[in-house]
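Positions are given from 1 along the sequence. Source: prediction; values computed, not measured.
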Amino acid sequence: MSTSSQQRLRHWIAAPAYPWITGGAVTVGAVVELIAVPGGVTTTVGVLVSAASLMWRRSFPPVAMLTVAAGLIAFAGDVNLYVSIMVSGLTGCYSLGRNRVLHPALTVAGGALGAVCVNLVHINTWSRMDLPVPALWEKGSLSLFAESFLLTVVVFGAVMMGDAVRSREETRTERSLAQAKLIAMERQQAAEAERAAIARELHDIVSHSVSMIAVQAESATYTTPGLTPEARDGFQQIAGTARSSMAELRRLLGVLRTPQGDTGPAALTAPQPTLDHLAELVEQHRAVGGTAELRITGERVALPAAWELSAYRIAQEALTNARKHAPGARTVVEVDYGAGRLLTLRIRDDGPGTGPGPDLGSGPGPGPGPDSVPGTGHGLTGMRERAALVGGRLTAGAGPDGGFLVEAELPWGSG
């Protein structure tokens, strides 16, 4: 049976109507069988109750005990073994084990006791029918209990099968929950690591601006003629506040830096990349065997540093994912400086269309150099974090013409 057929079968079995349909079918079969081979009142009632009770075996699992008991009583009332009793009895034993209404040992023990009682009733019936029945404990009397042994084996097999299915499904559920929890933890760690990387990069941007404020404020006290003492003190206060802000930024950076995220002095002092470095990024992609093309539409606009850096990192991560998940595919990087102060970034490839996995990361950027910051890429999680940082949004998935498409819209009107 193919995998798709197995999935359809599991879906049908799990449907709420399944026990009603199967229980009703067994009940109809029991009615037809009783018409063809009539039985006594006890047998008729037992067969119908055993079959009809199957319809409630999922909504009220303990009803399976009634199913099995009614089947045994019906079998005890007639030496004929109806097919509907066999089906309902096996299904009831399976349901008891599947739902673990009782401990499997107790269920099997109860079934064995019921089998012995049925066997004793049959022995009494055989003796009244003038059949050669040896007295108990005489030679050959043990053969009379072969029926008990056979019924016990059948009950044991059905109960154990139901219990095995239950155990397997519980194991599968626990494994799925554990895997989902692990993925959630990895996503959270990836997001935290990416936020720390973003904070370090923003430190460079903000510290440059704040240091310029401090320098200009101090210079103004000497280069601006005719300053009053109050104005000179105001400039000095501005410079002092800027220096205090710089010290606070350094302390925060020290908290955010971790052994894995510490890329050394060279990485921290290197200039942050901008959209002007996209051509170099595409060349790096080609240098390691990829095929890439850069397309720019609209008039180049100097965006705020945070927007430039976020767009560059999104393109860098998307190219890394393209190399990892679609090696050899042709990749196109499109940058659109559209109207309405909206920057649109699209990175698409013509690969198989598989994404970068469960947002767990794609490793370092393309090769060494000041534009490559190892450890800052975390797949879709990192790209979405960077888009959200500047108030934008990012979507990723199968492209309209196949392959994989990453599209980011970064509004910079408030920048």
Open item on the list: Between R341 and P411, is there a side-chain heavy-atom distance shorter than 4.5 Å?
Closed with: no
Open item on the list: Under the criterion side chain to side chain donor-acceptor pair (under 3.5 Å), I'd like the reasoning laid out for S53 against T67: C-alpha separation, chi angles, the key distance, then a yes or no.
Closed with: CA-CA 6 Å; S53 60; T67 302; 2.5 Å; yes
- [ ] Check whether any side-chain heavy atom of T107 sits under 4.5 Å from a side-chain heavy atom of V101, and report yes or no.
- [x] no
Open item on the list: I want to check something: taking the side chain as every heavy atom from C-beta on, are T42 and D78 in contact at a cut-off of under 4.5 Å?
Closed with: no
Task: From T224 atom OG1 to F235 atom CZ, the distance as rounded to the nearest 0.5 Å - done: 5.5 Å
Task: Nearest-0.5 Å distance that lies between atom CD1 in I314 and atom CG in L380 - done: 11.0 Å
Task: Closest approach of G89 to V68 (non-hydrogen atoms, all atoms of both residues) - done: O-CG2, 4.0 Å
Open item on the list: Under a 3.5 Å cutoff, is there a donor and acceptor pairing between the side chains of E33 and S84?
Closed with: yes
Open item on the list: Check this for me, if you would: do R330 and E293 make a salt bridge, where the nitrogen-to-carboxylate-oxygen distance has to be below 4.0 angstrom?
Closed with: yes
Open item on the list: Donor-acceptor pair, distance only, cut-off 3.5 Å: does the side chain of R286 make one with the backbone of A292?
Closed with: yes
Task: Greater than 12 external heavy atoms within 6.0 Å of R393's CZ - done: no
Task: Minimum heavy-atom distance between A396 and V406, given as atom pair plus value - done: CB-CG2, 4.2 Å
Task: Heavy-atom check, side chain of L345 versus side chain of L410, under 4.5 Å - done: no
Task: Spacing of CD1 belonging to I73 relative to OG1 belonging to T43, to within rounding of 0.5 Å - done: 10.5 Å
TODO: Give, for atom CD of E174 and atom OG1 of T171, the distance between the pair rounded to the nearest 0.5 Å.
DONE: 6.0 Å
Open item on the list: For a quick test of reading the model, state the closest non-hydrogen atom pair linking I347 to A315 and the distance between them.
Closed with: CD1-CA, 4.1 Å
Open item on the list: Do R175 and R172 make a side-chain contact, defined as non-hydrogen atoms from C-beta onward lying under 4.5 Å apart?
Closed with: yes
TODO: Verify side-chain contact (heavy atoms from CB on, under 4.5 Å) between L278 and V335, making sure each step is shown before the conclusion.
DONE: CA-CA 10 Å; L278 281 182; V335 182; 3.5 Å; yes
Task: Heavy-atom neighbours of Q179 CD exceed 12 at 6.0 Å - done: no
Open item on the list: Walk me through whether R348 and E334 qualify under salt bridge (Lys or Arg N to Asp or Glu O under 4.0 Å).
Closed with: CA-CA 9 Å; R348 53 185 173 86; E334 299 179 359; 2.9 Å; yes
Open item on the list: Whether the R10 and Q7 side chains hold a donor-acceptor pair (N or O, under 3.5 Å, no angle test) is what I'd like checked.
Closed with: no
Open item on the list: If you define the side chain from C-beta out and look only at heavy atoms, does anything of Y337 sit under 4.5 Å from L342?
Closed with: no
Open item on the list: Could you report the tightest heavy-atom contact between A74 and V47, atom names first, then the distance?
Closed with: CB-N, 3.7 Å
- [ ] Hey, could you give me the CG/CG distance between L54 and L66, rounded to the nearest 0.5 Å?
- [x] 10.0 Å
- [ ] Would you check, one step at a time, whether the test side-chain contact (heavy atoms from CB on, under 4.5 Å) holds for Y82 with V37?
- [x] CA-CA 9 Å; Y82 290 86; V37 184; 3.9 Å; yes
Open item on the list: Run S148 and N119 through side chain to side chain donor-acceptor pair (under 3.5 Å) and show every step you take.
Closed with: CA-CA 6 Å; S148 301; N119 202 168; 2.6 Å; yes
Task: Spacing of CZ belonging to F75 relative to NE2 belonging to H122, to within rounding of 0.5 Å - done: 4.5 Å
Open item on the list: For a quick check under 3.5 Å, do R57 and T22 share a side-chain donor-acceptor pair by atom type?
Closed with: yes
Open item on the list: If I compare all heavy atoms of Y312 with all of L281, which pair ends up nearest, and what's the gap?
Closed with: OH-CD1, 3.7 Å
Open item on the list: Would you say that L102 contacts L96 through its side chain, given a criterion of any heavy-atom pair below 4.5 Å between the two side chains?
Closed with: no
TODO: Using the side-chain contact (heavy atoms from CB on, under 4.5 Å) rule, take L405 and D349 through it: C-alpha gap first, then chi angles, then the decisive distance, then the call.
DONE: CA-CA 7 Å; L405 171 65; D349 60 62; over 6 Å; no
Open item on the list: salt bridge (Lys or Arg N to Asp or Glu O under 4.0 Å) for R300 and E308? Distances and angles first, verdict last.
Closed with: CA-CA 12 Å; R300 173 70 167 101; E308 297 263 352; 3.0 Å; yes
Task: Main-chain N/O of A322 paired to H325 side chain as donor or acceptor, under 3.5 Å - done: no
TODO: Test I238 against I213 for side-chain contact (heavy atoms from CB on, under 4.5 Å), laying out the working first.
DONE: CA-CA 8 Å; I238 293 173; I213 294 173; 3.9 Å; yes
TODO: Check step by step if salt bridge (Lys or Arg N to Asp or Glu O under 4.0 Å) holds for E169 and R166.
DONE: CA-CA 5 Å; E169 291 188 354; R166 180 197 59 81; over 6 Å; no
TODO: Using a cut-off of 6.0 Å, state whether more than 12 heavy atoms not belonging to M160 lie near its atom CE.
DONE: yes
Open item on the list: How close do V155 and G111 get, counting heavy atoms only, and between which atoms?
Closed with: CG1-CA, 4.1 Å
Task: Side chain proximity check, Y94 to V159, heavy atoms < 4.5 angstrom - done: no
Open item on the list: I'd like to know whether D163 forms a salt bridge (Lys or Arg N to Asp or Glu O under 4.0 Å) with R98, so could you lay out the CA-CA distance, the side-chain angles of the two residues, the decisive distance to 0.1 Å, and finally the verdict.
Closed with: CA-CA 5 Å; D163 189 67; R98 172 67 178 77; over 6 Å; no
